[in-house]
S.K.: 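I'd like to ask some things about the structure below.
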Amino acid sequence: MQLSNLLIEIKLGVIKKIFTLVLCLACFCGVSQNNIAYLGTADIFSKKEKTSPTASNTSNFNFSGGLIVVNVAVNGESGNYILDTGAPGLVLNSSEEAESFVLASSVSSTIKIGEVMVENFQWGTFKQEKVEGYTLDISHMNKLGGESLDGLIGYQILKQNAVSVDFENQEVAIFSKKDLKSKLKSSENVETIPFIIEGHLPVIKLKINGKKYRFAIDTGAEKNLMNAKLFDKTTPANVTYELMQGLDGGIRKVAVGQLENIASKNYDIDKMNFLFSDMSYVNEGENGYNIDGLLGLPFFQNKTFVIDYRKGELHIWE
């Protein structure tokens, strides 16, 4: 009789665990998932790459979820790479264990990333040789369907250039100094926001309801992200919950809320949604920054923009 009761208890325990698992999965059903391809490293490279003179170069892009994907050639092989100002450099998608690695931080954990030397990188007419880069398994970020995602293009590639994104025509351009000057001179309703580079991040000042904050521009983020410590201070409206996934592959449920009266210089936004998450892995430790959040592609509201790393200026066409 005791054995029978024991078996019943075991069965009930198993059923309870299964029920709990199904319930947890049900909670995630219908909740949208947002990729935040932020990557922080202490190593911002020491070698100077051999770079061809920058000439204006335009190419089309596709979307992987809400992120910009361009086609480039790495070591002669064509591939799909996310344009990611939140990454320190060129990151190759690889699940193989590297011979050497460094510690880095994603938006929600510390991770190991491999070190690699890329012999040549080509994006249209733009070329670099002997590029120091990283390897990391980012297959979980793939939203291209049948096509593979081959990596990220970050600061080390972009830092000597002015990069333009035109959402309407789905074009990315690299501008020479002369051509960017000409484009700005012939354009109307262009707002210019200064930024400073901290580590590899372009950081701007932002006002929300009259209070000042510091945000980094991260084109590898599908949504805007704000430090959860500021949730009560900013009192967001229409709060719901969504899933957030970083480059470490971990998924967490975070609050998302609407903030109003957002401005940087003369660029104004009435209201915009932010994910609220713990940012200790971004702001603390050897790889840490002192920022209040990340501004993803929604910040640009599908408008044409240029990130001019050479002059530290962000231009947005109204």
Side-chain angles (χ1 to χ4, degrees), residues 35 37-65 67-104 106 111-165 170-176 200 218-220 247-249 307 309:
N35 285 327
Y38 164 81
L39 188 67
T41 64
D43 178 16
I44 305 296
F45 312 106
S46 56
K47 299 177 182 178
K48 292 184 178 180
E49 301 80 13
K50 296 179 180 178
T51 307
S52 60
T54 302
S56 292
N57 169 40
T58 302
S59 61
N60 293 112
F61 68 80
N62 295 313
F63 284 106
S64 175
L67 300 179
I68 294 169
V69 176
V70 295
N71 189 266
V72 303
V74 173
N75 292 334
E77 293 189 12
S78 179
N80 299 305
Y81 288 75
I82 292 175
L83 180 66
D84 185 6
T85 60
L90 184 63
V91 179
L92 308 184
N93 182 17
S94 175
S95 59
E96 297 182 6
E97 187 172 344
E99 293 183 4
S100 62
F101 64 87
V102 294
L103 288 178
S106 72
I111 51 178
K112 289 182 179 180
I113 57 175
E115 295 180 301
V116 66
M117 178 64 72
V118 173
E119 291 300 317
N120 55 73
F121 171 91
Q122 184 167 357
W123 182 2
T125 58
F126 174 66
K127 301 177 183 179
Q128 284 191 358
E129 297 179 356
K130 299 293 181 182
V131 179
E132 295 174 283
Y134 299 114
T135 61
L136 177 65
D137 185 358
I138 59 170
S139 55
H140 57 277
M141 302 283 290
N142 188 25
K143 292 185 180 179
L144 286 175
E147 298 183 68
S148 63
L149 185 61
D150 298 289
L152 314 171
I153 298 173
Y155 174 70
Q156 189 68 358
I157 299 292
L158 307 173
K159 67 179 183 179
Q160 296 175 357
N161 298 286
V163 183
S164 168
V165 174
Q170 280 194 223
E171 290 180 341
V172 174
I174 297 175
F175 280 116
S176 67
H200 67 281
D218 184 359
T219 59
L247 287 175
D248 61 307
I307 302 175
Y309 283 90

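Everything quoted here is computed from the prediction, not taken from an experiment.
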S.K.: Identify the two heavy atoms, one from Ser176 and one from Ser56, that lie closest to each other, and give their separation to 0.1 Å.
M.R.: N-OG, 3.2 Å

S.K.: CG/Leu83 to CZ/Phe61 distance, rounded to the nearest 0.5 angstrom?
M.R.: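 Rounded to the nearest 0.5 Å, the CG-CZ separation comes out at 9.0 Å.
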
S.K.: Considering only distance and modelled atom types, tabulate donor-acceptor pairs under 3.5 Å from the side chains of residues 90-99, sequence neighbours left out.
M.R.:
unit_1 : atom_1 : unit_2 : atom_2 : d
Asn93  : OD1    : Ile138 : N      : 2.9
Asn93  : ND2    : Leu149 : O      : 2.8
Ser94  : OG     : Glu96  : N      : 3.3

S.K.: Identify, with sequence neighbours excluded, every residue that meets side-chain hydrogen bond (donor to acceptor under 3.5 Å, both in side chains) alongside Asp137.
M.R.: Ser139

S.K.: What closest approach, in Å, do Ala104 and Leu39 show between heavy atoms, and which atom pair accounts for it?
M.R.: CB-CD1, 3.9 Å

S.K.: Out of curiosity, Ile113 CD1 to Thr41 OG1, how far, rounded to the nearest 0.5 Å?
M.R.: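 Atom-to-atom, Ile113:CD1 and Thr41:OG1 are 5.5 Å apart.
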
S.K.: Do Ile174 and Thr125 have side chains that approach each other closer than 4.5 Å (heavy atoms only, starting at C-beta)?
M.R.: no

S.K.: Identify the heavy atoms of Val102 and Glu115 that sit nearest to each other, and give their distance.
M.R.: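 So the two residues come closest at CG1-OE2, 3.3 Å.
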
S.K.: Applying side chain to side chain contact (heavy atoms under 4.5 Å, CB included) to Trp123 and Asn161, what does each step give before you reach the verdict?
M.R.: CA-CA 13 Å; Trp123 182 2; Asn161 298 286; over 6 Å; no

S.K.: Look only at the side chain of Thr58 and the backbone of Ala173, and say whether a donor-acceptor pair between them is shorter than 3.5 Å.
M.R.: no

S.K.: Check the pair Ile307, Leu158 against side chain to side chain contact (heavy atoms under 4.5 Å, CB included), reporting the backbone distance first and the verdict last.
M.R.: CA-CA 9 Å; Ile307 302 175; Leu158 307 173; over 6 Å; no

S.K.: Give the C-alpha distance, both sets of side-chain angles, the deciding distance and a yes or no for side chain to side chain contact (heavy atoms under 4.5 Å, CB included) between Leu152 and Tyr134.
M.R.: CA-CA 10 Å; Leu152 314 171; Tyr134 299 114; over 6 Å; no

S.K.: Tell me which one of Asp248, Leu136, Leu103 satisfies side chain to side chain contact (heavy atoms under 4.5 Å, CB included) with Lys112.
M.R.: Leu103

S.K.: If I take atom CG from residue Asn35 and atom CE from residue Met141, how far apart are they, to the nearest 0.5 angstrom?
M.R.: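 Nearest 0.5 Å value for the CG-CE distance: 4.0 Å.
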
S.K.: Let me confirm one number: the CD-CD distance from Gln122 to Glu129, rounded to the nearest 0.5 Å.
M.R.: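 It is 10.0 Å, given to the nearest 0.5 Å.
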
S.K.: Heavy-atom count around Tyr309 OH within 6.0 Å, excluding the residue itself: above 12?
M.R.: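 It does: Tyr309 OH has more than 12 such atoms within range.
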
S.K.: Would you tabulate the side-chain donor-acceptor contacts of residues 72-79 under 3.5 Å, counting partners in other chains and residues two or more places apart, or write 'none'?
M.R.:
unit_1 : atom_1 : unit_2 : atom_2 : d
Asn75  : OD1    : Glu119 : N      : 2.9
Asn75  : OD1    : Asn120 : N      : 3.2
Ser78  : OG     : Asn71  : OD1    : 2.7
Ser78  : OG     : Asn71  : ND2    : 3.0

S.K.: Ignoring hydrogens, what is the shortest heavy-atom contact between Lys130 and Met117? Give both atom names and the distance.
M.R.: C-SD, 3.5 Å

S.K.: Does Ser64 reach the main-chain N or O of Asn142 with its side chain, forming a donor-acceptor pair under 3.5 Å?
M.R.: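 Such a contact is absent between Ser64 side chain and Asn142 backbone.
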
S.K.: Who passes side-chain hydrogen bond (donor to acceptor under 3.5 Å, both in side chains) against Asp84, sequence neighbours left out?
M.R.: none

